[in-house]
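Have a look at this one before I ask anything.
We use all heavy atoms of the structure for the numbers below, so side chains are in, but hydrogens, waters and symmetry mates are not. Since the structure is predicted, the reported quantities are computational estimates derived from the model, not experimental observations.
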Amino acid sequence: MNLRVVLLSIQSLLASPEPDDPQDAVVARQYKEDRSSYTDTARYWTCEYAHGPTDTFPYEEFRSKVTQMQDMGFTQECALSSLSSYSWNVEHAVAALFA
């Protein structure tokens, strides 16, 4: 396997997601059951980690939700995971972490 094959495989997965054979079951479930939340999470991650455009996505609103949870003592990773699992609803995300 060479770099060209790896890049073609990645391109194929990005163009045609396989939620029935996922690498990440939580993301696959979200993709199938709550496409809006899936898209919001993908856009957030793109803005946060790939410095994607923020003019078409309310990045600061989503970032403030992560910060709000971090101020409560949760790690960034924990906040991101819970928020994306609960449609970016802070109250539901916090409740799930305390359940």
Side-chain angles (χ1 to χ4, degrees):
M1 185 177 300
N2 58 34
L3 182 58
R4 181 177 182 277
V5 172
V6 170
L7 292 175
L8 286 172
S9 295
I10 291 171
Q11 180 185 24
S12 174
L13 283 172
L14 289 172
S16 302
E18 300 270 347
D20 294 323
D21 184 23
Q23 295 294 317
D24 185 328
V26 173
V27 174
R29 179 190 52 79
Q30 191 176 51
Y31 180 84
K32 291 169 74 173
E33 297 175 6
D34 189 0
R35 187 67 64 94
S36 174
S37 183
Y38 168 85
T39 301
D40 286 343
T41 301
R43 286 182 176 170
Y44 175 82
W45 284 75
T46 300
C47 293
E48 180 76 8
Y49 298 106
H51 305 291
T54 58
D55 57 336
T56 60
F57 176 71
Y59 171 75
E60 291 303 324
E61 175 188 335
F62 281 68
R63 182 71 196 128
S64 71
K65 291 178 181 186
V66 174
T67 301
Q68 183 180 354
M69 289 189 66
Q70 286 179 294
D71 290 345
M72 292 179 201
F74 298 107
T75 65
Q76 181 178 3
E77 181 180 337
C78 186
L80 285 169
S81 176
S82 188
L83 283 166
S84 66
S85 295
Y86 290 92
S87 301
W88 291 86
N89 181 301
V90 174
E91 292 79 20
H92 292 158
V94 170
L97 290 170
F98 283 122

Interatomic spacing from CG in L13 to CG in L8 - rounded to 0.5 Å: 11.5 Å

Side chain of K65, backbone of L83: donor and acceptor closer than 3.5 Å? no

Return the minimal non-hydrogen interatomic distance between T75 and Q70, and the atom names on each side. C-CG, 4.3 Å

Y59 and E48 side chains, donor-acceptor separation under 3.5 Å: yes

Look at the side chain of T39 and the backbone N and O of R35, then say whether any donor-acceptor pair between them is shorter than 3.5 Å. yes

Can you hop from V26 to Y49 via hydrophobic side chains spaced under 4.5 Å? no

Taking L14 as the starting point, is it possible to reach Y31 by hopping between hydrophobic residues whose side chains are less than 4.5 Å apart? no

Inspect the surroundings of OH in Y86 and state if more than 12 heavy atoms from other residues, nucleotides or ligands are less than 6.0 Å away. no

Indicate, with yes or no, if M72 and V66 share a hydrophobic cluster defined by side-chain heavy-atom contacts under 4.5 Å among Ile, Leu, Val, Met, Phe, Trp and Tyr. yes

Closest approach of V94 and F74, non-hydrogen atoms and distance? CG2-CE1, 4.3 Å

Would you check if the side chain of S82 reaches a backbone N or O of C78 as a donor-acceptor pair within less than 3.5 Å? no

So, taking the atom named CD in E33 and the one named OG in S87, what distance separates them when rounded to the nearest 0.5 Å? 10.5 Å

Tested for side-chain hydrogen bond (donor to acceptor under 3.5 Å, both in side chains) against Q30, the lone hit among S85, S84, S37 is S37

Quick check for you: to the nearest 0.5 Å, what is the distance between C47 atom SG and E60 atom CD? 9.5 Å

Indicate if L80 and F62 have the same hydrophobic cluster label, given that clusters are the connected sets of ILVMFWY residues with side-chain heavy-atom separations under 4.5 angstrom. yes

Determine, using the 4.5 Å side-chain heavy-atom cutoff (strictly less than), whether W45 and Y38 are members of one ILVMFWY cluster. no

With rounding to the nearest 0.5 Å, note down the distance linking OG in S81 to CE in M69. 9.0 Å

